[in-house]
Protein chains: 2
Amino acid sequence: MTRILIVDDEPQILRALRINLVARQYEVALAADGSAALREAAQWHPDLVLLDLGLPDLDGVDVIHGLRGWTTVPIVVLSGRAGNQDKIEALDAGADDYVTKPFNIEELLARVRAVTRRTRAQEAELAAVQLGDHTIDLTNKTISGGVRLTPTEWHILEILLRNPGRLVSQRQLLTEVWGTKYLKETHYLRQYMVQLRRKLERDPAHPVHLITELGMGYRYLP
Amino acid sequence: MTRILIVDDEPQILRALRINLVARQYEVALAADGSAALREAAQWHPDLVLLDLGLPDLDGVDVIHGLRGWTTVPIVVLSGRAGNQDKIEALDAGADDYVTKPFNIEELLARVRAVTRRTRAQEAELAAVQLGDHTIDLTNKTISGGVRLTPTEWHILEILLRNPGRLVSQRQLLTEVWGTKYLKETHYLRQYMVQLRRKLERDPAHPVHLITELGMGYRYLP
DNA sequence: CACGGACGTCAGAGTAGCGTCAAGACATGA
DNA sequence: TCATGTCTTGACGCTACTCTGACGTCCGTG
């Protein structure tokens, strides 16, 4: 979930942005002036800052400098001033984009997506799952402790890890990995579950995380 | 030195941009249409692309897609069309910024600086990579110990080094280096991995840094 | 308590995919 | 034009992954 900090002193703009961003599954925090913005950013670590330049307490460029002192979080500037000098100053202070008020909300959202794209990709890579002693990174296909898996083992493990705590039927596993013609080959599953447990469970004979549900399927318990 | 590829079909705009950018110590290449742009980008590897959307041969968004298929180079769109839909499409296709013509040159330069700021920082990190006995400088394309690589070898090595520790799929390598029509040619990869190991690994038969992930791809271990 | 069904485990056959060598096709610059 | 280096293509042995069969074990049920 992408976290966006909105900084503006006009309550109606704060409100409009919050409604639009929350509706699009962003997590939102608000700040009405520069010092509140710096405080909030330090505590909450947003993934993006929407910053109005016309704040009551601090100059907008100073807020950018205040943020850039310790974080590289993307900053999109909103401003009523359309002057070129303002834009240039803000961008050179470290802002990533500059949108002039009044702005179209769809355009702003597209710019938000563009700016967060790179960061989002990096964050997704960090999505790591813990399984017992091991840390598993599904996108990079890495497991701590030098454990290596074969393609089929990865495939099965991925399906289980994407459904934490939930029962995954033999049917689902067999269709996803081998196709619908292999629904009867439960032997395959038994075979590969042995391998996975041997590589990942502390005591493969008494699994704690990769659980058999008799006659139904398997379950990953975090 | 930052390399900028300017894509526009109007000669006077090309000329104006070139003069301004060269004066500010950028290295500049020009392209008058979409296919020339894609060709130039593939050969010259610019650090930033300034792209006009109204090209004679290809739709601007297709050019963005064509670039994004194999590179993450920052793209700044220049456009006479101020419509929001155009902006949104271009930004979502993978553009990093959008500037409407007529634009102020100083503003454009500020946006160029903003967009390249992050990439420059990332590149600095990659400036020198250690692989076993060898120090590899990706920007200058040099390797300690008098090792020399062919263009294709560099291309593959770069992709792997840009993803340290991460699995890089055969698919990704083949598309980035040869294009989407070569997805089946895993033989190429095997061939070049042999070469790279012979040139870089201490014991090419038992690689420590350029690792094969059977059935999946390759991985660079620092 | 005995039986049957489903699961766990082991070991070996078959095979896809990898590493390697080598030679022909192509591009580049002298 | 030739010479050199690079890319592409073919052939082949070998590794390790997948598949298969045999057997042992566990658990619920009658």
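Protein chains get the first letters and strands the later ones, always in sequence-line order, with residue 1 at the start of each.
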[atom1] of [X] versus [atom2] of [N]: gap in Å, rounded?
X	N	atom1	atom2	value
A/Tyr188	D/dC17	OH	C1'	13 Å
B/Glu153	D/dG5	CD	C1'	11 Å
A/Lys181	D/dC19	NZ	C1'	18 Å
A/Leu196	D/dC17	CG	P	13 Å
A/Arg148	D/dT15	CZ	P	16 Å

Donor-acceptor contact present, side-chain [X] to main-chain [Y], <3.5 Å:
X	Y	answer
A/Thr71	A/Val73	yes
A/Lys199	A/Leu196	no
B/His209	B/Leu131	no
B/Asn104	B/Glu106	yes
B/Asp96	B/Ile75	yes

Worksheet item: Can you give one letter per nucleotide of nucleotides 4-22 of chain C, going 5' to 3': B for a protein heavy atom under 4.0 Å from the base, S for sugar-phosphate only, - for none?
Response: --SBBBBB------BBBBB
Side-chain donor-acceptor distances from residues 176-188 of chain A under 3.5 Å, at least two apart:
{"residue": "A/Glu176", "atom": "OE2", "partner": "A/Gln172", "partner atom": "NE2", "Å": "3.3"}

Worksheet item: Starting at the 5' end of DNA chain D, which residue's closest nucleotide do you reach first, B/Pro151 or A/Glu185?
Response: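 Residue closer to the 5' terminus by nearest nucleotide: B/Pro151.
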Discussion item. Is any side-chain heavy atom of B/Val7 closer than 4.5 Å to one of B/Val49?
Written reply: yes
With a cut-off of less than 4.0 Å, is there a side-chain N or O of [X] near OP1 or OP2 of [N]?
X	N	answer
B/Thr150	D/dG5	no
B/Trp178	D/dT8	yes
A/Tyr192	D/dC17	no

Worksheet item: In degrees, rounded to 10°, what is the bend between the two ends of the helix from C/dC1-D/dG30 to C/dA30-D/dT1, using five pairs at each?
Response: 30°
Worksheet item: What are the two closest non-hydrogen atoms of B/Tyr98 and B/Lys87, and how far apart are they?
Response: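 Smallest interatomic distance, heavy atoms only, reads CE2-CG, 3.3 Å.
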Worksheet item: Can you tell me how far the NZ atom of B/Lys101 sits from the CG atom of B/Leu53, to the nearest 0.5 Å?
Response: 9.0 Å
